[in-house]
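A short worksheet on the structure shown next.
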Amino acid sequence: MSSSSKKSIAAPKSTTASNAPAARGKAAPTKSPARPARDSVFESRLARHHDELRWLYMELYDNGDMFAELIDRMRRFSDERSEALRKLDIVREQEGAWYRSQDMLGMQMYIDNFAGTIKGVEDKLSYLERCHVNYIHLMPFLDTPSDKSRSDGGYAVKDFRRVQPELGTMDELAHLASACHERGMSLCMDFVMNHTSEEHEWARRARAGEGEYMSRYFFESNQEVIDQYSRDVPQVFPPRRRVTGPICPSLGNVS
């Protein structure tokens, strides 16, 4: 939730799919139906990491049905992944920690400040290539409330499946990613899955009393407790900050 939200919803707890079942029973074993041979890579990765992933998920949410749905969605998304990205996945897996390469030179930018739109960023790829940039980090650009004072700098997301209209579309974002990969560039974005706006579908349905969506947020009606959070929780962008050492930007999600 946006930090400006006062009553009812204070902060999201869960980031499962919006149409997840309401059942909150004990852990259920996940089944792995037969898949085409092209999915053998996904299945082998899942076999290596399944137990750890399940333990981490169940420790937080204790919902076997929702974990099973998560695995099914991951399998479907893998099946829908383009052949070009599959090949890139294999190359990167063989390289190991490719994202730590000393040959990577990154540039972090707000789309509107750098090029106006996503299409504008793509038009400037030749320039970035001449600058030897091969890692582009886009600051938050997903859809947020029209009232910018309630968007937390773009992090309080209204719709994770939609780009801010003034910046472009999801299709243009996908095209930009493909164009970057053709030039050997990596595209990175800030993606904070548990930071939703009060206008997000989950938040609206939680406020309406739907149990499945209510379980994804912490609720607090005591204004004194809310005020204490507002007073004691550190601000993401404080008005003044004392710098005592070198600043190193953090990495986001690289695709």
Side-chain angles (χ1 to χ4, degrees), residues 2-3 12 15 74 77 81-82 84-145 148 150-197 200 234-239 241 243-255:
S2 167
S3 60
T15 57
M74 290 169 58
F77 293 150
R81 197 161 174 79
S82 71
L85 290 179
R86 286 173 178 273
K87 292 179 180 178
L88 181 60
D89 292 341
I90 293 174
V91 170
R92 285 176 167 174
E93 190 167 31
Q94 291 173 344
E95 291 178 350
W98 56 269
Y99 47 87
R100 296 180 182 176
S101 170
Q102 297 299 308
D103 295 329
M104 295 191 77
L105 175 62
M107 178 180 287
Q108 188 176 41
M109 65 184 70
Y110 283 97
I111 293 173
D112 52 348
N113 291 338
F114 177 70
T117 64
I118 292 173
K119 182 65 169 60
V121 174
E122 183 173 341
D123 292 340
K124 292 181 179 293
L125 289 183
S126 294
Y127 161 73
L128 294 175
E129 195 171 34
R130 292 196 302 273
C131 295
H132 303 288
V133 171
N134 56 10
Y135 170 91
I136 302 174
H137 184 150
L138 301 179
M139 297 299 285
F141 57 80
L142 296 178
D143 197 17
T144 52
K148 298 305 179 183
R150 304 182 70 81
S151 70
D152 278 3
Y155 286 98
V157 177
K158 176 181 177 181
D159 189 344
F160 285 95
R161 297 179 176 88
R162 188 169 183 256
V163 173
Q164 294 174 28
E166 64 270 21
L167 298 180
T169 67
M170 292 298 286
D171 287 341
E172 290 173 341
L173 177 63
H175 197 276
L176 171 62
S178 296
C180 285
H181 293 158
E182 289 174 1
R183 295 172 182 262
M185 295 179 173
S186 296
L187 187 65
C188 166
M189 64 177 287
D190 278 46
F191 191 77
V192 187
M193 292 181 289
N194 68 337
H195 194 164
T196 69
S197 159
H200 191 283
Q235 294 295 311
V236 177
F237 301 110
R241 176 179 295 170
V243 178
T244 58
I247 299 176
C248 179
S250 61
L251 297 180
N253 301 309
V254 182
S255 67

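- Here CG of Leu88 is found 4.0 Å from CZ of Arg92. Values are rounded to the nearest 0.5 Å.
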Using side chain to side chain contact (heavy atoms under 4.5 Å, CB included), reason through Leu128 and Phe114 one step at a time and then give a plain yes or no.
CA-CA 11 Å; Leu128 294 175; Phe114 177 70; 3.8 Å; yes
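- The closest donor-acceptor contact from the side chain of Gln164 to the backbone of Asp143 lies at 3.5 Å or more, if one exists at all.
- The nearest pair of heavy atoms linking Ile118 to Ile111 is N-CG2, 3.6 Å.
- Here the CG atom belonging to Leu167 is positioned 6.0 Å from the CG atom belonging to Asp112, to the nearest 0.5 angstrom.
- The shortest distance between side-chain heavy atoms of Gln94 and Ile90 falls below 4.5 Å.
- Residue Pro145 comes nearest to Ala156 through the heavy atom pair CD-O, 3.5 Å, listed as atom of the first residue, atom of the second, then distance.
- If you take CZ on Arg183 and CD on Glu122, they are separated by 8.5 Å, rounding to the nearest 0.5 Å.
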Could you walk me through whether Thr144 and Asp152 satisfy the side chain to side chain contact (heavy atoms under 4.5 Å, CB included) test, starting with their C-alpha distance in whole Å, then the side-chain angles of each, then the deciding distance to 0.1 Å, before giving a yes or no?
CA-CA 9 Å; Thr144 52; Asp152 278 3; over 6 Å; no
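- Closest of all the heavy-atom pairs between Pro140 and Gly154 is CB-O, 3.4 Å.
- Residue-environment remark: NZ (Lys148) exceeds the threshold of 12 foreign heavy atoms within 6.0 Å.
- Atom CZ in Arg130 sits 10.0 Å away from atom NZ in Lys124 (nearest 0.5 Å).
- In terms of heavy-atom proximity, Val133 sits nearest to Met185 at O-CE, 3.3 Å.
- With Asp190 contributing its side chain and Met139 its backbone, the two residues share no donor-acceptor pair below 3.5 Å.
- Summarising the geometry of Glu166 relative to Thr117, their closest heavy-atom pair is O-CG2, 3.8 Å, with the distance given to 0.1 Å.
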Using the side chain to side chain contact (heavy atoms under 4.5 Å, CB included) rule, take Ser186 and Tyr99 through it: C-alpha gap first, then chi angles, then the decisive distance, then the call.
CA-CA 9 Å; Ser186 296; Tyr99 47 87; over 6 Å; no
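- Between Leu142 and the choices Met189, Lys158, Arg162, the side-chain contact (heavy atoms from CB on, under 4.5 Å) rule is met once, by Met189.
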Tell me, with the steps shown, if Arg81 and Asp89 meet side chain to side chain contact (heavy atoms under 4.5 Å, CB included).
CA-CA 10 Å; Arg81 197 161 174 79; Asp89 292 341; 2.7 Å; yes
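- Taking CZ of Phe160 as the start and NE2 of His195 as the end, the distance is 9.0 Å to the nearest 0.5 Å.
- Looking at heavy atoms from C-beta onward, Leu187 lies in side-chain contact with Ile136 at the 4.5 angstrom threshold.
- Of all the heavy atoms in Ala179 and Leu125, the pair that sits closest is CB-CD1, 3.7 Å.
- Here the CE atom belonging to Met104 is positioned 11.0 Å from the CD atom belonging to Gln102, to the nearest 0.5 angstrom.
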